[in-house]
Structure formats: C-alpha cells, structure tokens
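Positions are given from 1, in the same order as the sequence printed here. Note that these values count all heavy atoms, side chains included, but never hydrogens, waters or copies made by symmetry. Since we're looking at a predicted model, the values are computed, not measured. Note that ligands are numbered from 1 as they come in the structure, with each ligand's atoms numbered from 1 the same way.
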Amino acid sequence: AQTKPLAGKTAFVTGGAQGIGEAICRKLALLGAAVVVNDLRRTDAAEKLLDSLAASGVKAGMVCFDVSNEEAVEAGIAEAIKEYGPIDILVNNAGISLDSLLIRTKADDWHKTLNVNLTGSFYCARACAKSMIKARCGRIINISSVIGAMGNAGQVSYSASKAGLMGLTKTLARELGSRGITVNAVAPGFIKTQMTAALSGEHAEKLVEQIPLNCLGEAEDVAEAVAFLASPAARYITGQVLGVNGGMYM
Ligand code: NAP
C-alpha cells in the first residue's frame with residue numbers, strides 16, 4: 001500500500017496556482033495533506049488544479065489574497081484555519097521579480113519586490129505561527145533562490161529579498177524550535193516556469209553551461225525538496241537552506 005506521510009496534515013501554499021507553487025500543491029496532496037492554495041486570482045488554471053487535488057482524494061480549497069497586504073493575510077489565513085483547520089505546513093512560495101540594474105532600479109519596484117517576497121512571507125509566517133505554537137508542531141518552508149546566495153547583476157531587489165528570506169528562516173528556526181516547529185528554506189536555481197520563460201535561447205544556453213548537471217530544473221524538482229522538509233523524515237532539520245540548483249552554486 002502507498003504510504004501517505006502527510007495524511008491528517010493541512011498545508012497552505014502561497015502563490016500556489018501555477019509554476020513551482022502548483023507542483024508543491026500536487027506533491028503535498030499526493031503525500032496525503034489537505035491543501036489550501038493561495039494566489040491573487042482564482043483563474044481557470046487554479047480551478048483545474050483544485051479539481052485534480054480533490055481527485056487525488058484530499059481536501060483542497062483556495063483562499064485568494066495578496067501576501068503583501070497585511071490585513072488581507074490576517075483575514076485570509078484566519079478564513080483558511082476556520083474552513084480547513086489549523087495549518088501544519090506553510091510554504092511561502094509567492095514571489096515576483098522586477099529585474100533591473102542598480103542605477104535603473106525604481107524605488108517603487110524595489111518596495112514591491114521586497115513587500116511580496118520578504119514581507120509577505122513574514123506576514124504569513126506570523127499569521128500561521130500562533131496555531132502552530134499552540135499545537136507544538138509545524139513546518140514553515142520559505143522559497144528563496146540561488147540568487148539570494150550568489151547575487152546576480154540586474155536582479156537588485158530580487159536578490160536582496162531572497163537573501164532576506166534566508167535570514168528570516170534562520171531566526172524563525174531559532175525562535176520556534178523549542179515549540180516543535182521547523183523552519184527551512186529551499187533555494188531553487190533556474191527552474192522552467194513562467195518566471196524564467198523570458199530567458200532567450202542564447203542566454204539560456206550560457207546559463208546551462210554554468211550548471212554542472214547541464215540543464216534547467218523542473219518545478220517538480222523543487223516540490224520534492226519541499227515535500228521532504230515537510231515530512232516526518234525531516235524532523236531534525238531546521239534553519240537550513242536546501243539548494244535545488246543542479247550544482248550551480250555550492
Ligand atoms: P510564477 O510562475 O510567476 O508563480 C508565482 C505565483 O505567485 C503566481 O501564481 C503569481 O500570481 C503568484 N503571486 C505573485 N504575487 C503574489 C502576491 N502578492 N500574493 C499572492 N500570490 C502572488 O513563479 P515561479 O517560477 O513558480 O516561482 C515561485 C517561487 O519560486 C517564487 O518565490 C520565485 O522567486 C521562486 N524561484 C523561482 C525560480 C525559477 O527559476 N522559476 C528560481 C528560484 C526561485 P500571478 O501569476 O497572478 O501574478
């Protein structure tokens with residue numbers, strides 16, 4: 001019989017309607033977790049995802065809000081907890097990149113990126129932590145990026161936001177460890193999604209040359225790492241940044 005290590009758990013995945021977030025939702029559901037998908041909009045793709053999550057035999061639902069809106073996060077997570085029970089696994093995946101070189105970076109774009117990628121993760125973690133502390137268990141997994149560790153010319157606000165997530169991860173791991181909550185980050189390299197679709201042929205080829213495993217990653221590769229960190233097998237792992245980057249950064 002197939003084992004379902006996350007049966008009885010409820011997962012909340014931000015920005016879960018497409019790309020890496022969608023793959024994470026599918027994988028966690030496959031492992032038996034009830035999944036609450038967050039995203040900005042309930043798109044047709046989101047409806048399809050919800051149908052296929054439900055078809056895999058788990059409870060699935062969606063709560064739409066902008067993670068960078070403090071009040072919306074508080075209300076949205078309270079609604080999710082009311083409807084689906086306390087959240088056991090929070091995956092802070094929602095993210096944007098507004099790329100530019102330093103001298104061309106507009107303050108507005110800087111703030112937008114930091115607000116979604118970093119502040120949004122803080123809001124969601126804070127909103128979920130109360131019930132996790134009460135339950136004396138929980139998993140928080142922040143989707144950072146290889147760019148947060150190594151930097152990248154032209155990704156000023158994005159790299160700062162993703163490096164910030166690594167610091168947030170480590171502090172939350174220290175604060176919440178005694179309450180049975182683990183906090184880790186997954187730092188993907190270049191993964192084939194909408195976010196990287198704009199990479200041109202030549203640019204993509206140059207990128208691949210720098211990756212020891214010689215190819216871009218798939219959203220499922222990131223989902224596997226998240227699923228591991230969410231699983232009972234990872235109970236003694238906290239405060240870590242797990243790279244899923246084909247060896248691009250070591
Ligand atoms: P994606 O395809 O653009 O998906 C991101 C999702 O987040 C979208 O559904 C988007 O909704 C949603 N979102 C954006 N802003 C939001 C907000 N304020 N509140 C709630 N949801 C919001 O990106 P992805 O490639 O799957 O990336 C997922 C995460 O992995 C991001 O944090 C990204 O930085 C990180 N990452 C990606 C790569 C890569 O190579 N793809 C590499 C390293 C790290 P809309 O489409 O409606 O805007």
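- Using a 4.0 Å cut-off between heavy atoms, Asn117 makes no contact with ligand 1 at all.
- Within 6.0 Å of the CG atom in Asp44, the count of heavy atoms belonging to other residues, nucleotides or ligands does not exceed 12.
- If you number the atoms of ligand 1 from 1 as listed, the ones under 4.0 Å from a heavy atom of Ser145 come out as 43 (C), 44 (C).
- There is a side-chain donor-acceptor pair under 3.5 Å between Asp99 and Gln155.
- The nearest heavy-atom contact from the protein to atom 30 (O) of ligand 1 is Ile143 CG2, 3.4 Å.
- Nearest protein heavy-atom neighbour of atom 18 (N) of ligand 1: Asp66 OD1, 2.8 Å.
- For Tyr158, every heavy-atom contact with ligand 1 shorter than 4.0 Å involves the side chain, none the backbone.
- Follow the hydrophobic side-chain contacts under 4.5 Å out from Leu49 and you reach Met62 in the same cluster.
- Taking each of Ser68, Ser161, Gly95 in turn, the one with a heavy atom nearest to atom 5 (C) of ligand 1 proves to be Gly95.
- Enclosure of atom CZ in Arg235 is not indicated, since only 12 or fewer non-hydrogen atoms of other residues, nucleotides or ligands lie within 6.0 angstrom.
- The OG atom of Ser159 sits 7.5 Å away from the CG atom of Asn152 when rounded to the nearest 0.5 Å.
- Gly189 counts as a contact of ligand 1, since one of its heavy atoms falls under 4.0 Å from the ligand.
- For Ser52 and Arg26, the side-chain atoms include at least one donor-acceptor pair closer than 3.5 Å.
- Contact annotation: for Ile96 versus ligand 1, heavy atoms closer than 4.0 Å belong to the side chain alone.
- Shown are Asp88, Asn184, Thr182; of these, the side chain to side chain donor-acceptor pair (under 3.5 Å) with Arg139 is made only by Thr182.
- Nearest to atom 41 (N) of ligand 1 among the protein's heavy atoms is Thr193 OG1, 3.0 Å.
- When each of Val35, Val58, Leu28 is checked for a side chain to side chain contact (heavy atoms under 4.5 Å, CB included) with Leu6, only Leu28 meets the rule.
- Contacts of Val67 with ligand 1, taken as heavy-atom pairs under 4.0 Å, involve both backbone and side chain.
- Counting atoms of ligand 1 from 1 in the listed order, those under 4.0 Å from a heavy atom of Gly19 are 26 (O).
- Checked by atom type, the side-chain pair Asn142/Ser144 shows no donor-acceptor distance below 3.5 Å.
- In terms of protein heavy-atom proximity, atom 6 (C) of ligand 1 is closest to Gly15 O, 3.5 Å.
- Under the 3.5 Å distance criterion, with hydrogens and angles disregarded, no donor-acceptor pair is assigned to the side chains of Thr113 and Ser161.
- Near Phe65, meaning under 4.0 Å from any of its heavy atoms, are these atoms of ligand 1: 19 (N), 20 (C).
- The heavy atom nearest to atom 1 (P) of ligand 1, out of those in Glu22, Met195, Lys162, Gln18, is found in Gln18.
- Counting protein heavy atoms only, atom 40 (O) of ligand 1 is closest to Ile191 N, 2.8 Å.
- Expressed to the nearest 0.5 Å, how far CD of Glu70 lies from CD of Glu74 amounts to 6.5 Å.
- A 4.5 Å side-chain heavy-atom check between Val156 and Trp110 finds at least one atom pair inside the cut-off.
- Minimum interatomic distance between Ala54 and Ala60 (heavy atoms only, all atoms of both residues): N-CB, 4.2 Å.
- The same ILVMFWY cluster, assembled from side-chain heavy atoms under 4.5 Å apart, contains both Ile96 and Phe122.
- Closest to atom 31 (C) of ligand 1 among all protein heavy atoms lies Asn93 O, 3.2 Å.
- For ligand 1, the atoms sitting less than 4.0 Å from at least one non-hydrogen atom of Thr196 are 39 (C), 40 (O), 41 (N), numbered in the order shown with element in parentheses.
- The protein atom (non-hydrogen) at minimum distance from atom 11 (O) of ligand 1 is Asp39 OD1, 2.8 Å.
- Within ligand 1, the atoms closer than 4.0 Å to a non-hydrogen atom of Asn38 are 20 (C), numbered from 1 in the order shown.
- Close approach to Phe190 involves these atoms of ligand 1, each under 4.0 Å from a residue heavy atom: 40 (O).
- At the shortest separation from atom 21 (N) of ligand 1 among protein heavy atoms lies Ala94 CB, 3.7 Å.
- For atom 45 (P) of ligand 1, the candidate residues are Arg41, Lys192, Lys112, Gln194; the nearest heavy-atom contact is made by Arg41.
- Ligand 1 has at least one atom lying under 4.0 Å from a heavy atom of Ser144.
- For atom 26 (O) of ligand 1, the nearest non-hydrogen atom from the set Leu40, Thr14, Ile20 comes from Ile20.
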